[in-house]
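What follows is one structure encoded as structure tokens, with my remarks underneath.
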Amino acid sequence: MWELTYPILIIVLSNTVYNICAKSTSAEINAFASLTITYTVAAIVSFAVFLITAKGKGIAAEFGKANWASFILGIVIIGLEIGYILAYRNGWKMNAVSVTANIALAVVLIVIAFLFYKETMTIKQIVGMILCAGGLILINL
């Protein structure tokens, strides 16, 4: 059970701190300058943890295993980050932006999973998507 629980706990904790930081980013700094600092720190920490966890594996060999997804993920994360920063700068409230984005994301991913990954779409999921749409309307009234 722990294997299923701890990743969600990491996501929730990280997302909580993430949204606090995104909302607290100085309005005076160019958003992309802020992201440059963010990703420099992230790169240093990621590389340090990689070295600690690599356990004798060759750096070049490990990086050689990367596919296109690692590179595209680097690009789309910028979109995610700038989207949140701009949402907060443009007046979104903390109690609405993440919920709105995540509900919309959940609906999109259910459809993508069905269309491209051949995952099943159940009546419960369809009803859930309808409820999510209603929730989005209520949250943003």
Side-chain angles (χ1 to χ4, degrees), residues 1-122 124-141:
M1 185 67 168
W2 179 243
E3 291 85 19
L4 296 175
T5 305
Y6 86 88
I8 300 302
L9 293 174
I10 291 171
I11 292 168
V12 171
L13 175 63
S14 297
N15 236 326
T16 300
V17 175
Y18 166 86
N19 277 280
I20 291 168
C21 291
K23 185 160 181 70
S24 301
T25 299
S26 171
E28 304 299 315
I29 190 171
N30 178 290
F32 291 101
S34 176
L35 290 179
T36 301
I37 294 166
T38 299
Y39 283 101
T40 300
V41 171
I44 292 167
V45 171
S46 292
F47 190 66
V49 174
F50 164 68
L51 292 176
I52 293 167
T53 61
K55 299 180 181 164
K57 296 178 182 174
I59 293 172
E62 285 301 306
F63 283 116
K65 296 175 186 176
N67 67 4
W68 63 270
S70 296
F71 298 95
I72 300 300
L73 186 58
I75 294 169
V76 298
I77 285 175
I78 298 297
L80 177 67
E81 306 288 356
I82 198 69
Y84 272 101
I85 290 171
L86 293 175
Y88 286 129
R89 285 186 179 180
N90 291 330
W92 275 83
K93 293 179 181 175
M94 186 181 275
N95 63 6
V97 70
S98 185
V99 172
T100 301
N102 283 307
I103 288 172
L105 173 64
V107 171
V108 169
L109 289 179
I110 288 170
V111 174
I112 288 173
F114 175 73
L115 293 175
F116 297 104
Y117 294 97
K118 307 303 179 217
E119 294 181 15
T120 60
M121 185 182 303
T122 66
K124 287 181 186 180
Q125 288 174 316
I126 293 169
V127 170
M129 289 189 300
I130 293 166
L131 291 173
C132 284
L136 285 175
I137 292 167
L138 291 174
I139 286 171
N140 291 299
L141 282 178

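Note that the numbering runs from 1 along the sequence shown for the chain. If you're wondering where the values come from, they're calculated on a predicted model, not measured in any experiment.
When all heavy atoms of Leu136 and Thr100 are compared, the pair lying nearest together is CD2-CA, 3.4 Å. Taking all atoms of both residues into account, the shortest heavy-atom contact from Ser26 to Arg89 is O-NH2, 2.7 Å. Closest of all the heavy-atom pairs between Gln125 and Thr120 is OE1-O, 3.1 Å. Residue Ile139 comes nearest to Ala96 through the heavy atom pair CG2-CB, 4.0 Å, listed as atom of the first residue, atom of the second, then distance.
In this structure, the side chains of Met129 and Val111 come closer than 4.5 Å at one or more pairs of heavy atoms. In this structure, Leu51 and Ile59 have side chains that are in contact, with non-hydrogen atoms separated by less than 4.5 Å.
A distance of 5.0 Å separates OG of Ser34 from CD1 of Ile29, quoted to the nearest 0.5 Å. Put simply, CG on Leu105 and CG on Asn102 are 6.0 Å apart, with the number rounded to the nearest 0.5 Å. If you take OH on Tyr6 and CD1 on Ile11, they are separated by 10.5 Å, rounding to the nearest 0.5 Å.
Remark: Phe116 pairs with no residue by the ring-ring contact (aromatic ring centres under 6.0 Å, His included) rule, at least two apart or across chains. Residues that satisfy the side-chain contact (heavy atoms from CB on, under 4.5 Å) test with Ile44, not counting sequence neighbours, are Thr40. Residues satisfying the side-chain contact (heavy atoms from CB on, under 4.5 Å) test with Phe114, not counting sequence neighbours, are Met121. The side-chain contact (heavy atoms from CB on, under 4.5 Å) check on Ile20 picks up Thr16, Ser24, Met94, with sequence neighbours excluded. In this structure Ser46 satisfies the side-chain contact (heavy atoms from CB on, under 4.5 Å) test with no other residue, sequence neighbours excluded.
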Does Trp2 form a side chain to side chain contact (heavy atoms under 4.5 Å, CB included) with Leu9? I'd like the steps, not just the answer. CA-CA 10 Å; Trp2 179 243; Leu9 293 174; 4.0 Å; yes
Can you give the donor-acceptor pairs under 3.5 Å from side chains of residues 62-88 to other protein atoms, not counting sequence neighbours?
from  : atom 1 : to    : atom 2 : distance (Å)
Glu62 : OE2    : Lys65 : NZ     : 2.7
Asn67 : OD1    : Ala69 : N      : 3.0
Glu81 : OE1    : Tyr18 : OH     : 3.1
Glu81 : OE2    : Tyr39 : OH     : 2.8
Tyr88 : OH     : Asn19 : OD1    : 2.7

